[in-house]
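Indexing begins at 1, ligand by ligand and atom by atom, following the structure's order.
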Amino acid sequence: MNTSTAVASPTTPAASAGSVAATKKPDARWTVSQVEALYQMPLMDLLFRAHQTHRENFDPNEVQRSALLSIKTGGCPEDCSYCTQSARYKTDTGREALMQVEDVVSRAKEAKARGSTRFCMGAAWRGPKEKELEVVTQMIREVKALGLETCVTLGMLKDGQAGKLKEAGLDYYNHNVDTDAEFYDKVITTHKHSDRLDTIAQVRAAGIKVCSGGILGLGESRRNRAAMVAQLANMNPPPDSVPINNLVGMPGTPLAAAEKVDNFEFVRTIAAARITMPKSWVRLSAGRDVMSEEMQAMCFFAGANSIFYCDKLLTASNLDLNADHVLFEKLGLKAI
Ligand code: SAM
Ligand code: DTB
Ligand code: SF4
């Protein structure tokens, strides 16, 4: 990636409007320095720019809701330092077998009745075995038949597996780049950052929509964050959906006590994602349950337009549904 083109950090609204970073076309490539320049803008200029981009591409009062279900929990062979489902750490998360199809379908029905439009199923695998993939394709078929959009996150895919998922009617595959390629091996050693990109390429080639984002709070620098955003933005096209997770410090994981990311830095990341990926759905993901209403409102203003709408994420708690209703009512947001 070309990181050599430095862009002066805009210091006034006039300068920001004229900067390369602020005026880039949606299909243009972003250098890391240009994304970093966005982060360095005065917050009000950055928010203004991000919100303007948001309004040009989306209804700013609409937020999409997906439900999430862990269909296979714990016992994962990978060593992602943030994850409570890794078998390598002594955590409170037990190991559970792959759920039965009928149980998944009944959870999807409940999610639909509560208003979710997409149902995401997550499995703690390095990647699915053929037999496991068969069961998941059945889940996809039945959830899809309920009239819900479907999403799965199953780890790395082998040749031919994405095609089987597409055939079953899968709409989205979630596979996060998680962090900057240069920082990746500080967090995960059992697979490479390039493995993640391979799976994303297979998903895209099979005609499935890509959901890919990352986590903040792993000990990465601002430069690392900017590099992650630039990498996502430079995908051709960028992911349809971009989850931005705030680390949930899960007890027993190496990152349990990691330093929290400053709220404004998190908001800047949402804004940078919105500006660089104007047409993508930006999802305010893990860590939302400890954000104040004001913080969430700032994230929506900065361009986040999708959330997980369920009491639990995969294993960690999420905001309860009633709190979401109250906030949507206060902000005049419409759930879609
Ligand atoms: N095993 C699959 C994989 O790694 O892609 C799917 C499940 S994995 C739990 C899905 C995503 O959840 C990860 O890529 C990561 O971004 C996010 N995640 C996991 N643990 C988290 C935590 N403690 N805090 C925030 N996000 C987390
Ligand atoms: C994503 O980016 N975040 C979700 C979803 N994709 C699968 C998962 C968040 C997991 C939070 C930690 C847990 O529940 O264990
Ligand atoms: Fe396994 Fe995914 Fe957790 Fe990594 S993030 S340990 S691959 S479940």
Side-chain angles (χ1 to χ4, degrees), residues 66-89 91-96 98 118-128 132 136 150-157 172-179 184 187-193 195-200 202-203 210-220 228 232 239-258 260-261 266 273 280-291 304 306-319:
S66 294
L68 188 55
L69 175 68
S70 180
I71 57 169
K72 192 269 161 189
T73 305
C76 182
E78 302 303 280
D79 71 350
C80 313
S81 307
Y82 45 80
C83 186
T84 186
Q85 302 200 72
S86 167
R88 294 167 190 252
Y89 312 127
T91 68
D92 304 333
T93 304
R95 292 178 188 208
E96 288 166 28
L98 180 58
R118 190 177 310 154
F119 194 67
C120 305
M121 296 165 268
W125 288 323
R126 175 175 164 87
E132 295 165 337
V136 174
T150 52
C151 174
V152 295
T153 180
L154 313 172
M156 291 182 274
L157 295 178
Y172 289 82
Y173 194 89
N174 166 247
H175 203 64
N176 293 337
V177 299
D178 279 320
T179 193
Y184 201 76
V187 184
I188 298 152
T189 67
T190 47
H191 57 259
K192 297 193 296 287
H193 191 264
D195 295 328
R196 303 293 284 184
L197 302 182
D198 284 351
T199 290
I200 292 169
Q202 289 188 43
V203 166
V210 171
C211 171
S212 188
I215 316 183
L216 267 56
L218 307 175
E220 75 286 348
M228 180 187 82
L232 292 165
D240 303 271
S241 159
V242 180
I244 305 292
N245 295 280
N246 204 354
L247 177 74
V248 183
M250 302 302 279
T253 63
L255 287 170
K260 302 271 171 272
V261 173
F266 189 89
S280 303
W281 294 83
V282 175
R283 183 182 304 267
L284 180 54
S285 302
R288 197 167 64 85
D289 62 323
V290 294
M291 290 178 190
S306 140
I307 57 168
F308 285 118
Y309 178 68
C310 40
D311 295 332
K312 202 165 137 190
L313 296 168
L314 294 172
T315 70
S317 55
N318 194 21
L319 259 192

May I ask you to decide if the ring planes of His193 and Tyr184 are parallel, tilted or perpendicular, using 30° and 60° as cut-offs? perpendicular
Of all the non-hydrogen atoms in the protein, which one sits nearest to atom 4 (Fe) of ligand 3, and at what distance? Cys80 SG, 2.3 Å
Please name the residue in the list Val210, Ile200, Leu157, Thr150 that meets the side chain to side chain contact (heavy atoms under 4.5 Å, CB included) test with Tyr173. Leu157
Determine whether the side chain, the backbone, both or neither of Thr93 has a heavy atom under 4.0 Å from any heavy atom of ligand 2. neither
Main-chain N/O of Asp79 paired to Thr190 side chain as donor or acceptor, under 3.5 Å: yes
So for Leu314 against ligand 1, with non-hydrogen atoms under 4.0 Å, the contacting part is side chain
Show which atoms of ligand 1 fall inside a sub-4.0 Å distance from at least one heavy-atom site of Ala123. 1 (N), 2 (C), 6 (C)
Heavy-atom contacts under 4.0 Å between Cys76 and ligand 1: side chain, backbone, both, or neither? neither
Ile215 and ligand 1 - part of the residue with a heavy-atom distance under 4.0 Å: side chain
Side chain or backbone of Leu314 under 4.0 Å from ligand 2, or both, or neither, by non-hydrogen atoms? both
Atom 1 (Fe) of ligand 3: which protein heavy atom is closest, and how many Å away? Cys76 SG, 2.3 Å
Can you tell me which portion of Val248 lies within the under-4.0 Å heavy-atom range of ligand 2? Options are side chain, backbone, both, or neither. neither
Among non-hydrogen protein atoms, atom 8 (S) of ligand 3 lies closest to Ala124 CA, 3.6 Å
Contact region, His191 to ligand 1, non-hydrogen atoms below 4.0 Å, reads neither
Report yes or no: does a heavy atom of Tyr82 sit under 4.0 Å from some atom of ligand 2? no
Is atom 12 (O) of ligand 1 less than 4.0 angstrom from at least one protein heavy atom? no
Considering only heavy atoms, does Pro243 approach ligand 2 within less than 4.0 Å through its side chain, its backbone, both, or neither? side chain
For atom 5 (C) of ligand 2, what's the nearest protein heavy-atom neighbour? Residue, atom name and distance, please. Phe308 CZ, 3.6 Å
